[in-house]
Amino acid sequence: AQSVAQPEDQVNVAEGNPLTVKCTYSVSGNPYLFWYVQYPNRGLQFLLKYITGDNLVKGSYGFEAEFNKSQTSFHLKKPSALVSDSALYFCAVRDRERDDKIIFGKGTRLHILP
Amino acid sequence: ETGVTQSPTHLIKTRGQQVTLRCSSQSGHNTVSWYQQALGQGPQFIFQYYREEENGRGNFPPRFSGLQFPNYSSELNVNALELDDSALYLCASSLAWGGRRNTEAFFGQGTRLTVV
């Protein structure tokens with residue numbers, strides 16, 4: 001069965017510095033990978049996805065993510081963090097070749113310090 | 001806005017009662033998934049409906065049940081509520097088996113259920 005691991009409960013970054021939020025996955029076939037963001041008392045908002053092709057994918061609000069098949073990772077990155085990026089971030093995997101359900105990691109809380 | 005709407009936004013129920021949560025999917029989507037998100041946790045997959053049939057289920061007891069209607073809207077029913085059922089319930093709509101373009105799910109704002 002597919003699974004997602006986010007090893008960090010919280011990441012603190014100073015405003016203007018680059019940020020990385022880590023994610024590793026396990027899936028039987030070719031993975032469809034996603035990042036979502038959640039603000040307080042809100043649903044999840046889609047940020048970006050990897051389906052196939054270029055390993056570096058770009059998404060909303062200046063975020064990007066790098067797919068690494070050998071390390072089964074899909075880390076979220078941003079070159080210069082903003083205070084408004086502070087939120088809860090979830091990595092997710094969809095197994096299109098098996099049951100097509102989307103499974104989420106436990107989330108990483110990102111704190112951008114002014 | 002994602003086009004996915006959930007009702008009600010907040011709900012308080014007593015232990016042992018039953019509850020029905022509703023979700024209206026984004027236009028053109030044929031799949032709806034329900035998730036339970038406890039405080040400080042990631043969304044836990046409850047089940048998924050595709051063309052009105054359940055086609056995937058997470059580790060939740062049978063008292064969690066659902067329906068998907070011909071217009072692809074959906075309900076989540078929980079019987080015999082327990083205190084631990086208190087959580088944010090999220091509905092997500094997507095296009096199943098839609099190839100490589102339509103792969104992501106879009107979420108509603110959620111229903112905050114409190115069981116007392």
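Each chain gets a letter, A, B and so on, in the order the sequences are listed, and its residues count up from 1.
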Tell me the closest heavy-atom pair linking R94(A) and S94(B), and the distance in Å. NH2-OG, 3.2 Å
Taking every non-hydrogen atom, the tightest pair across Q37(B) and L44(A): OE1-CD1, 4.4 Å
Greater than 12 external heavy atoms within 6.0 Å of [X]'s [atom1]:
X      : atom1 : answer
K13(B) : NZ    : yes
N59(B) : CG    : no
L83(B) : CG    : yes
E53(B) : CD    : no
I12(B) : CD1   : no
R63(B) : CZ    : yes

Could you check, using the six-membered ring where one of them is a Trp, whether F107(B) and F104(A) have ring centers closer than 6.0 angstrom? yes
ring-ring contact (aromatic ring centres under 6.0 Å, His included) filter on Y61(A), not counting sequence neighbours, yields none
Is F47(B) close to chain A through its backbone or its side chain, or both, or neither, when contacts mean heavy atoms under 4.5 Å? neither
Measuring from atom CZ of F45(B) to atom CD1 of I102(A), what distance do you get when rounded to the nearest 0.5 angstrom? 9.0 Å
Measuring from atom CD1 of I51(A) to atom CD of E104(B), what distance do you get when rounded to the nearest 0.5 angstrom? 7.5 Å
With a 4.5 Å heavy-atom cut-off (strictly below), which parts of residues 85-93 of chain B touch chain A? List them by number. L88(B), L90(B)
Chain A contacts, top residue of G110(B), P43(B), G40(B) (heavy-atom pairs, under 4.5 Å): P43(B)
Tell me which pairs pass disulfide bond (SG atoms under 2.5 Å apart) where either residue lies in residues 18-97 of chain A, with sequence neighbours left out. C23(A)-C91(A)
Could you give the side-chain donor-acceptor pairs of residues 105-114 of chain A under 3.5 Å, partners two or more places apart or in another chain?
{"from": "K106(A)", "atom 1": "NZ", "to": "Q6(A)", "atom 2": "O", "distance (Å)": "3.1"}
{"from": "K106(A)", "atom 1": "NZ", "to": "D9(A)", "atom 2": "OD1", "distance (Å)": "2.4"}
{"from": "T108(A)", "atom 1": "OG1", "to": "Q6(A)", "atom 2": "NE2", "distance (Å)": "3.1"}
{"from": "T108(A)", "atom 1": "OG1", "to": "E8(A)", "atom 2": "O", "distance (Å)": "2.8"}

